Each structure stands twice: as structure tokens, then as C-alpha cells.
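Written out below as C-alpha cells is the structure these notes cover.
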Amino acid sequence: MNLDSIIAYIVPVIMWTLIVTITLRQIIKRQSSSAMLSWLMIIYIVPVVGILAYLVLGEINLGKRRANASKQLLPKYMKWFAGLKNQQHLLINDQQPSLASPLFALAQRRLSIPCINGNELHILDTPESIIQNIIDDIHQAQYSINMVFYIWSNGGLVEQVQQALIQAKQRGVKIHILLDSVGSRAFFKSENYQKMTALGIEIEEALHVNLLRVFLRRIDLRQHRKIIVIDNQISYTGSMNMVDPNFFKQDSHVGKWIDIMVRIDGPVSAVLNGLHSWDWEMERGQGLYVPLPSPQHPMDNYNIHAVQILATGPGLPADLMEQSLATAIFAAKESITITTPYFVPSQNIVDALQIAALRGVNVSLILPVHNDSLMVRWASRTYFDDLLTAGVKIYNFTEGLLHTKSILVDNKMALVGTVNMDIRSFSLNFEVTMVVEDQTFANEISLLHENYMNGATLLDEQRWLNRPVFTRIIEKLFFLFSPLL
């Protein structure tokens, strides 16, 4: 038997073995049926591409070093978070059930993070107000500035942030910045990065991508959190990366990116600081000192808001984000409004939204008419038929890429953070969300949503259901690849 005959025999056997093995793993794995069927369809229709894609992207694999670190750090930081429960003056009175009580209970049982009272919150919804407030707070920093971002992009107002950080470092403030390897790739190659690190600002690359180890660790796990913590007291989180929209992705033809950040003055900043230290230690192997919130701040100084922090990602309690969203949706009695740039959720979340609409809840989705992902743009449309039929209102935002990630339930409970309505945010990215049940804060989010709706068009159900057949086919083809989005 010559070499060609051997290859012709062995290759099909290897392919068949891999297909059968992956099929069995899909059947055994605990996952949604839609994800399983999508993977099987890809593997059987385009075997070579499907098998390679599955080996690289099919399962959540942090890699040996990070997996071991995750096992060690999870109990360490959960113990630190649990220590917050000893500071009774910071905890909310949970004797009276509220709309958010089930969500708070879920987060506390699975993460040990309690809901922290006594925080002053301000919603910032323009790049200028966001960055100017950050710069002002950096100028006031006394001993520490900790940051986590997916994207750090030079240009425009970001140059002023970098200059403020340099000045803070020169007066003795310790600065630790954690940036995602992929999202901030251009920054790591820039002169600004070299200048900042040369002056002693510590900048760490999160989830470094190494193509030589592509089969040993999933390369598309991303650090997607946006966190700033100053002196363990002032913090920011929300949807905006460290970018100036006037200089960012100008060639993507989706318009200006629309974001919000929430400025927090209060003890829950220590929780965000703890998350930063956790992420930092995962990469650097050495944690940062994070004190518990100071009891010295009198409550009278705050517009008191209770804030629950949700931290999700690989190595953290599985399915927590999806469970939290489902809990919030099922708690709704009157209304649900959601803003997200990427809408390719799990079937469980789609079902929950349909059920909410069918039981009389006013459900609204505000989505950008264009976004920077062609696959997501088409795949998301496969859900519209059933949602519209159930009574869900879908608004197409036309004044830019609406990047804000927010949920408002019954005009009382708000979720704001970094989580998109897609499988990637639910399972693959490291994300953070703040949950607030407060009428004043909810009213501000409601006004924000109203402004977004004013810049959007309501999708007409009949026109949508009568769209061309070839459009439906394209949608289904892109939806087939939803596990890869």
C-alpha cells in the first residue's frame, strides 16, 4: 500500500473519529439545545472548518495556568467579599421584599457579594462629561488609581486622561491599569504606552493571545470590564471604553458610538476595587491591597443608593449572568426596556422576553440599526419574528452605534454595565454589571431610554414579516454561526 493510499484511508478515519467524538461531547455537555444544534450543523455541513472551529472555540478553556489560578483565587476573593457582611452599617435592610430582592439573593449566594448601601450615583451620557469627570477625579487622587478596560485607544480626549495619569504618578499615586490584549492591541504598540510605563505606571496585558497555543487555551476569551476606582472611594463603570468617539473607528460607517458611565461615590467602590485586584492577580500573579470600605464616611453625605455588583466570566459561577437576566425579566409586572448593541441572546432569554410580553408586560428593545459586526447584525434578526408576534416593541436606533448596555424593569430596577445581550457576554467575557433599585436612579435611566427612542424608528411588524425570502435565508445562515459570535 503506497503513501497516497494510506493517507486516503487514514484521513477519513481521523475525520470520522473527531466528528463522532465532538458529537458525543455535545450530547454530554450541559448547554442549550440551540448551541448544540448550531455546532453540530457547522461540523456536519463544513466538517474541516467546523472541527477546527470547535477545537479552537468550542469549549471554555482558560489554559492550565489561569485555570489553576482561578481555582485558588475564587475562594480567596469570595471570602473578602463575604467580609463586607460584617459591616452592618453598609448593608441594606432586606426584611421587606422588593422587586430586586430575588436578584440580590442570587448574587449574594453565588458570589458572596452583598448589596452595599450609601452610594451617590451620577449618570454621565456624553463622552465629554464622562472623560472630564474622570480627569477631575484623577487630579484629586491621593494614593491609588486602578483601571480595567477592554479598549484603550489613543487620540482626542484620551490624551488628556493619559496626561492626568502621568501627573498623578509624579505626585506619588500608585496606578495599575489592566487592558485586554485584543481590544487594546494598537495601544500596546504605541508611544503612549511606552511613555506611561517608562514613568512607572503599571499596565498589564490581560488574556494575551498566543497563536502557538491556540489549541491549549481558547483565544477569544476577553476582558470586557470597564472599571475605574480612585482611592477605593470614587469609581466608574458602564459601557464606555477609554476612547474618544470622535477619533474611534471612524472608518466603520456606523456613526458615533453612544455610551454611558455611572460615577459612584461610596463604599461599593471597594467591591469594584476587589474585582480589579482579582483580575490583576489572575494576570500578574500578585494581588493588590484592597481595604474594606472606610466606616468614617457619614451616611448623611450621600444621596443614599444601594448597589449590587454582579461579576461574571470564565472561572466564576456558571450561567450567573443568564440567570440574573432571567430573574430580572420574570420579576417584571409592568415594563422592560433593554438597550444593547449586540442582540444574539440564548433561547432562554428570548423565551423569557416573549413570556413577559404575552402576560402583558410592555417589553421594548432599543437596538442600533447598524453595528460593527456583520454577523451579529444578520443573526440577531432571526429572533424578531417571534418577539414581534408576542408583542415586543423593537426600536431601531438611527443616530449612531448605540453601545449602552442597560435594562430597566418596572421603572424601578436598573441594570447597567458591560454585558451585551449575546452568548459571548453571558459565558465568554469577563463582565461587570451594577444593579440598582431606586426610583430616582430609575427615572434617570427612563429619561435616557426616552431620548434613545426619540432617535429611533419603531419596527413595523407587518412589513417585517413580509420581508423577502432571500433575506430570511441570509439571517438563518448567519444564525447558524451564532456559537462563534
Side-chain angles (χ1 to χ4, degrees), residues 29-31 59-87 91 103-116 146-148 150 176 178-181 204-208 216-227 229 232 235 237 267-293 307-325 327 417-419 423-435:
K29 280 176 61 181
R30 184 175 62 86
Q31 63 177 336
E59 299 184 13
I60 298 175
N61 180 8
L62 278 168
K64 185 176 181 180
R65 182 188 70 79
R66 284 191 178 85
N68 290 334
S70 179
K71 290 179 181 178
Q72 296 174 1
L73 296 179
L74 181 62
K76 172 183 174 180
Y77 281 92
M78 288 185 73
K79 181 179 179 181
W80 186 89
F81 291 133
L84 294 168
K85 297 176 183 177
N86 297 325
Q87 302 206 20
L91 305 184
L103 189 50
F104 292 166
L106 176 66
Q108 291 168 32
R109 289 192 177 191
R110 302 212 66 194
L111 284 173
S112 295
I113 300 178
C115 185
I116 302 296
N146 296 322
M147 296 183 172
V148 182
Y150 174 58
H176 303 89
L178 182 66
L179 304 176
D180 183 77
S181 175
E204 185 69 22
E205 183 180 8
L207 298 167
H208 174 71
L216 301 178
R217 179 177 72 82
R218 182 160 177 167
I219 62 172
D220 66 333
L221 303 180
R222 302 273 46 95
Q223 174 54 263
H224 197 243
R225 292 174 181 154
K226 289 91 176 168
I227 295 173
V229 186
N232 208 46
S235 60
T237 192
V268 82
S269 297
V271 176
L272 294 172
N273 217 11
L275 290 180
H276 173 276
S277 178
W278 191 344
D279 292 337
W280 185 268
E281 189 166 0
M282 179 75 78
E283 297 298 333
R284 184 66 70 91
Q286 181 179 5
L288 304 172
Y289 171 67
V290 181
L292 290 171
V307 178
Q308 175 71 61
I309 297 297
L310 290 172
T312 56
L316 290 165
D319 301 324
L320 177 57
M321 195 65 244
E322 189 173 355
Q323 292 170 357
S324 300
L325 291 174
T327 300
T418 66
V419 175
I423 304 301
R424 171 165 299 283
S425 279
F426 293 174
S427 303
L428 304 180
N429 292 341
F430 290 89
E431 308 276 9
V432 63
T433 302
M434 59 183 292
V435 185

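Being a predicted model, the structure only gives us computed values, none of them experimental.
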Keeping [X] on the side-chain end and [Y] on the backbone end, is there a donor-acceptor pair under 3.5 Å?
| X | Y | result |
| --- | --- | --- |
| Arg225 | Glu431 | yes |
| Thr327 | Leu103 | no |
| Gln308 | Ile113 | yes |
| Ser277 | Leu288 | yes |
| Asp180 | Gln223 | yes |
| Asn232 | Asn273 | no |
| Arg110 | Ala318 | yes |
| Trp80 | Val290 | yes |

Say you draw a straight line from [atom1] of [X] to [atom2] of [Y]; how long is it, rounded to the nearest 0.5 Å?
| X | Y | atom1 | atom2 | value |
| --- | --- | --- | --- | --- |
| Ser181 | Leu207 | OG | CG | 8.0 Å |
| Ile309 | Leu272 | CD1 | CG | 4.5 Å |
| Leu111 | Leu106 | CG | CG | 8.0 Å |
| Asn146 | Ser269 | CG | OG | 11.5 Å |
| Met434 | Cys115 | CE | SG | 10.0 Å |
| Met78 | Leu73 | CE | CG | 13.0 Å |

Please list, chain by chain and in numerical order, all residues satisfying salt bridge (Lys or Arg N to Asp or Glu O under 4.0 Å) with Glu204, sequence neighbours excluded.
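Result, salt bridge (Lys or Arg N to Asp or Glu O under 4.0 Å) vs Glu204: Arg284.
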Kindly write out the residues that satisfy salt bridge (Lys or Arg N to Asp or Glu O under 4.0 Å) with Lys76, not counting sequence neighbours, or none if the list is empty.
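In terms of salt bridge (Lys or Arg N to Asp or Glu O under 4.0 Å), with neighbours along the sequence ignored, Lys76 is linked to Glu281.
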Does the pair Ser112 and Tyr77 meet the rule for a side-chain hydrogen bond (donor to acceptor under 3.5 Å, both in side chains), with working shown?
CA-CA 9 Å; Ser112 295; Tyr77 281 92; over 6 Å; no
Does Asp319 form a side-chain contact (heavy atoms from CB on, under 4.5 Å) with Phe426? I'd like the steps, not just the answer.
CA-CA 7 Å; Asp319 301 324; Phe426 293 174; over 6 Å; no
I want to check something: taking the side chain as every heavy atom from C-beta on, are Ser235 and Ile227 in contact at a cut-off of under 4.5 Å?
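SC-SC contact between Ser235 and Ile227 ruled out.
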Whether over 12 other heavy atoms sit under 6.0 Å from Lys71 NZ
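It does not: Lys71 NZ has 12 such atoms or fewer within range.
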Once the angle between the rings of Trp280 and His176 is folded into 0 to 90°, is it parallel (under 30°), tilted (30 to 60°) or perpendicular (over 60°)?
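Rings of Trp280 and His176: perpendicular, as their planes differ by over 60°.
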Report the C-alpha distance between Met321 and Thr433 in whole Å, list the side-chain angles of each, state the deciding distance to 0.1 Å, and finish with yes or no for side-chain contact (heavy atoms from CB on, under 4.5 Å).
CA-CA 9 Å; Met321 195 65 244; Thr433 302; 4.0 Å; yes
Take Thr418 and Phe430 through the side-chain contact (heavy atoms from CB on, under 4.5 Å) test and state the conclusion after the steps.
CA-CA 9 Å; Thr418 66; Phe430 290 89; over 6 Å; no
What do you reckon, are the aromatic ring centroids of Tyr150 and His224 less than 6.0 Å apart?
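So the answer is yes for these two rings.
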After noting the C-alpha distance and the side-chain angles of Leu310 and Val432, does the key distance pass the side-chain contact (heavy atoms from CB on, under 4.5 Å) rule?
CA-CA 6 Å; Leu310 290 172; Val432 63; over 6 Å; no
Which atom of Leu91 lies closest to which atom of Leu84, heavy atoms considered
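Closest pair (atom of Leu91, atom of Leu84, distance): CD2-O, 3.9 Å.
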Which atom pair, heavy atoms only, marks the closest approach of Ala206 to Arg222?
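It is O-NH2, 4.0 Å.
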